[in-house]
Amino acid sequence: MPFFKQLDENRFAAQWETTGPWTEGAQHLGPPSALMTRALEAVPGELDARIASITVDILGPVPVGELTVSASLDRPGRSVELLSAHLSAGDRVVARATAWRIIASDSEAVRTSTVAPLAPVEQSVESPMPEGWGRGYIDAMEWRSLTGGFGEPGPAALWVRQRIPLVDEEEPSPLQRLMTVADSGSGASNMLRPDQWWFINTALTVHIHREPDGEWIGLDASTTIGPGGLGTARSELHDVHGHVAGGSQPLMIRPR
C-alpha cells in the first residue's frame, strides 16, 4: 500500500499510512511534502539544474482524503529558477512549497563539509514509539536509533527508511525520500511529553547540497524551546555516504 494512490494526473487519494501522530484524519507533513516535491521535480526547465532548497508552509491540517497537486515555474532565469507547488483539499489550499533550482556545475575540487557522518546503520537499534501517538506514518517507516529517539526527550540521531512507495508502485526519487523524513526532526528530538504539550511545526525548510543515495536517510536532530511558546527544531540529514542537507522547523509550543 502506498502513501498515495494516483487518481489522475494531479489528483491523489491519501491512504491511512499518511496519518500523523497528533490527530486522527490529519496527515504527517512528510508524505505531502514529498508529494509536492514530486510535482516540483516534474516542472520542465531548459537548464541542467538541481533543487537546492525547499520550503513547505502548512496552511491547515492536511486531511487523509483526496488531494490535488499543482506546480509551476514562477521565476525563470539563466542560472537560478524559483518553483512553487500547491496542495489542495477541495477548494482549500492546505500546504504550499517553494523551491530554488540552481544551474549545475562541477565543484568537486572545492567540496567541503563541517558535519561529521553518522555511525553506520548496522550500529543502530530499533527505536520504540511513545504510547498514544497515531500509527499511520510511524508504522509506514522503519526507525533505527543511534542515540535518543521518539521515546526519549532530547536530541536524537536515527536512520529512517520508507517501507512503502510514495505513489502506487512508483520508486521514490532521492529528494522525495529526503522530504518524507525531514519533517520528523521535531518529533524525534522533542523535549516534552506529547500527552501534555503540543509542539507542532508550521513550516519546514530543507537546504540540499547533494541528493541522497539509497533508501536510508539519517536524521540528527535537536530542539530548542524559548520562553514565549516558540521553538526551533534543527536537523542534519545524511545518507550512508555522509551529510546531504540541513533542515529547520519553527514550532508552536503550548500545553494540551
Side-chain angles (χ1 to χ4, degrees), residues 1-4 14-24 26-35 37 56 64 115-166 171-172 174-195 197 199-201 204 206 212-223 233-249 251:
M1 181 66 70
F3 283 118
F4 300 98
Q15 304 301 292
W16 173 83
E17 286 77 6
T18 64
T19 304
W22 295 108
T23 306
E24 185 176 354
Q27 295 188 47
H28 186 280
L29 188 62
S33 294
L35 190 65
T37 298
V56 177
V64 181
V115 179
L118 291 180
V121 179
E122 292 76 18
Q123 295 183 20
S124 63
V125 297
E126 185 177 354
S127 180
M129 294 296 155
E131 292 295 328
W133 283 33
R135 307 304 302 182
Y137 169 81
I138 286 175
D139 287 351
M141 308 292 286
E142 182 177 356
W143 307 91
R144 297 193 59 85
S145 175
L146 293 168
T147 59
F150 288 90
E152 303 176 34
L158 304 100
W159 286 105
V160 191
R161 177 167 62 177
Q162 281 181 242
R163 299 183 190 271
I164 62 175
L166 179 68
E171 180 71 17
L175 285 188
Q176 291 164 32
R177 290 187 183 279
L178 185 73
M179 295 302 290
T180 300
V181 173
D183 188 60
S184 296
S186 58
S189 66
N190 77 82
M191 305 288 291
L192 304 167
R193 287 185 52 172
D195 60 338
W197 290 88
F199 43 95
I200 299 175
N201 63 299
L204 166 69
V206 178
D213 179 28
E215 294 183 334
W216 288 101
I217 301 295
L219 181 68
D220 190 0
S222 62
T223 293
R234 293 183 174 87
S235 302
E236 300 299 343
L237 297 151
H238 301 250
D239 67 6
V240 296
H241 305 296
H243 186 234
V244 299
S248 64
Q249 301 161 280
L251 304 177

Closest non-hydrogen atom pair between [X] and [Y], with its separation:
X      : Y      : answer
Leu146 : Pro120 : CD2-O, 3.9 Å
Leu178 : Ala245 : CD2-CB, 4.1 Å
Gln27  : Pro31  : OE1-CB, 4.3 Å
Gly246 : Glu236 : CA-OE1, 3.9 Å
Ala221 : Gly185 : CB-O, 3.6 Å
Ala156 : Ala188 : CB-O, 3.3 Å

Q.
Over 60° means perpendicular and under 30° means parallel, so tell me whether Phe150 and Trp143 are parallel, tilted or perpendicular.
A. perpendicular
To the closest 0.5 Å, what do you measure between [atom1] ([X]) and [atom2] ([Y])?
X      : Y      : atom1 : atom2 : result
Phe199 : Leu192 : CZ    : CG    : 6.0 Å
Leu166 : Glu17  : CG    : CD    : 12.0 Å
Leu29  : Met179 : CG    : CE    : 7.5 Å
Asn190 : Ser184 : CG    : OG    : 11.5 Å
Glu142 : Trp159 : CD    : CH2   : 12.5 Å
Thr147 : Leu158 : OG1   : CG    : 7.5 Å

Closer than 3.5 angstrom, by distance alone: can the side chain of [X] be matched with the main-chain N or O of [Y] as a donor-acceptor pair?
X      : Y      : value
Gln249 : Asn201 : no
Gln176 : Thr37  : no
His238 : Val240 : no
Tyr137 : Thr180 : yes

Q: Give a yes or no on whether a salt bridge exists between Glu122 and Arg144, defined as a side-chain N under 4.0 angstrom from a carboxylate O.
A: no
Q. Given Met141, which of Ile217, Val181, Ile164 fulfils the side chain to side chain contact (heavy atoms under 4.5 Å, CB included) condition?
A. Val181
Q) Run the side chain to side chain donor-acceptor pair (under 3.5 Å) check on Thr223 and Ser189 step by step: do they pass? A) CA-CA 6 Å; Thr223 293; Ser189 66; 2.7 Å; yes
Q) Quick one: are Ile200 and Leu251 in side-chain contact, heavy atoms under 4.5 Å? A)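 No. Closest side-chain heavy atoms not under 4.5 Å.
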